[in-house]
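Notes to accompany the following structure.
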Amino acid sequence: AEVTRGRYLYNEFGDYAGHRNKESLISSNKALIDESDYNKLSNQIIQSSIIDGLKNFSDYCSTKDVDFYISYPVFAKNLFNKNYADKIQIELSNIHWLNKPEKYLYNFNQLYDSPNHLLFYMRDERSLKLLDDIKQIILSKNTSKK
């Protein structure tokens with residue numbers, strides 16, 4: 001089995017499945033440390049290379065008459081910084097967003113070992129949210145074409 005970041009047990013889709021039936025590893029102490037680290041201004045730097053790459057890809061999609069949307073990732077509710085999220089959205093104002101960041105915020109007890117890693121049993125719930133967001137875009141596009 002391939003080891004990635006110290007983890008084994010990836011499924012055929014590349015998803016980590018080694019935490020099936022496991023509880024959150026985020027203790028209250030780790031949560032407090034993460035909270036102080038994530039809210040340091042030095043950890044809220046917007047990477048211009050990533051922003052530029054997304055803008056370039058969005059522009060490329062437009063030339064091919066393809067709609068490009070991005071979604072907010074899973075994130076710990078207690079670590080969410082609205083100002084930082086707003087700055088990213090402003091940097092990517094020419095790109096369509098599927099949703100608002102608040103829709104994908106989770107409590108520490110719903111996360112496995114980091115602020116971006118849901119427990120195994122939460123994956124379907126998150127996928128359903130994402131599918132609903134995509135469905136709303138499709139419905140709104142079909143309604144506007146009529």
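Each residue takes its place number in the sequence, starting with 1. This is a predicted model, so every value here is computed, not measured.
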In Å, rounded to the nearest 0.5 Å, how long is the span from [atom1] of [X] to [atom2] of [Y]?
{"X": "Ile26", "Y": "Ser114", "atom1": "CD1", "atom2": "OG", "value": "6.5 Å"}
{"X": "Leu119", "Y": "Tyr106", "atom1": "CG", "atom2": "OH", "value": "11.0 Å"}
{"X": "Tyr112", "Y": "Leu118", "atom1": "OH", "atom2": "CG", "value": "13.0 Å"}
{"X": "Ile134", "Y": "Leu139", "atom1": "CD1", "atom2": "CG", "value": "12.0 Å"}
{"X": "Tyr121", "Y": "Lys22", "atom1": "OH", "atom2": "NZ", "value": "15.5 Å"}
{"X": "Ile138", "Y": "Thr143", "atom1": "CD1", "atom2": "OG1", "value": "11.5 Å"}

Looking at residues at least two apart in the chain, or sitting in another chain, which of them share a side-chain contact (heavy atoms from CB on, under 4.5 Å) with Asn107?
->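 Only Lys77, Asn109, Gln110 meet the side-chain contact (heavy atoms from CB on, under 4.5 Å) criterion with Asn107.
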Which residues share a side-chain contact (heavy atoms from CB on, under 4.5 Å) with Ile46, sequence neighbours left out =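 Result, side-chain contact (heavy atoms from CB on, under 4.5 Å) vs Ile46: Ile51, Tyr84, Lys87, Ile88, Glu91.
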Which residue pairs satisfy the salt bridge (Lys or Arg N to Asp or Glu O under 4.0 Å) criterion with at least one member in residues 114-129, sequence neighbours excluded?
-> Glu125-Lys129
Inter- and intrachain pairs under salt bridge (Lys or Arg N to Asp or Glu O under 4.0 Å), touching residues 98-112, at least two apart |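 Pairs touching residues 98-112 that pass the test: Lys82-Glu102, Lys103-Asp132, Lys103-Asp133.
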Non-neighbouring partners of [X] that pass salt bridge (charged side-chain N to carboxylate O under 4.0 Å, His left out), sequence neighbours left out:
{"X": "Asp52", "answer": "none"}
{"X": "Lys135", "answer": "none"}
{"X": "Lys55", "answer": "none"}

Under the ring-ring contact (aromatic ring centres under 6.0 Å, His included) test, residues paired with Tyr104 that sit two or more places apart =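 In terms of ring-ring contact (aromatic ring centres under 6.0 Å, His included), with neighbours along the sequence ignored, Tyr104 is linked to no residue.
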Take the angle between the ring planes of Tyr72 and Trp97 and call it parallel below 30°, perpendicular above 60°, tilted in between.
->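 Correct class here is parallel.
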Pairwise side-chain contact, Pro101 with Phe80, heavy-atom cut-off 4.5 Å (strictly under) | yes
Leu111 and Phe120: same hydrophobic cluster, using ILVMFWY side-chain contacts below 4.5 Å?
-> no
Is there a donor-acceptor contact under 3.5 Å from the side chain of Ser71 to the main chain of Leu98?
-> no
For residues 60-68, run the donor-acceptor check on the side chains, cut-off 3.5 Å, and write out each pair with its distance to 0.1 Å, sequence neighbours left out.
from	atom 1	to	atom 2	distance (Å)
Ser62	OG	Ser58	O	3.2
Thr63	OG1	Tyr60	O	2.6
Asp67	OD2	Lys141	NZ	3.1

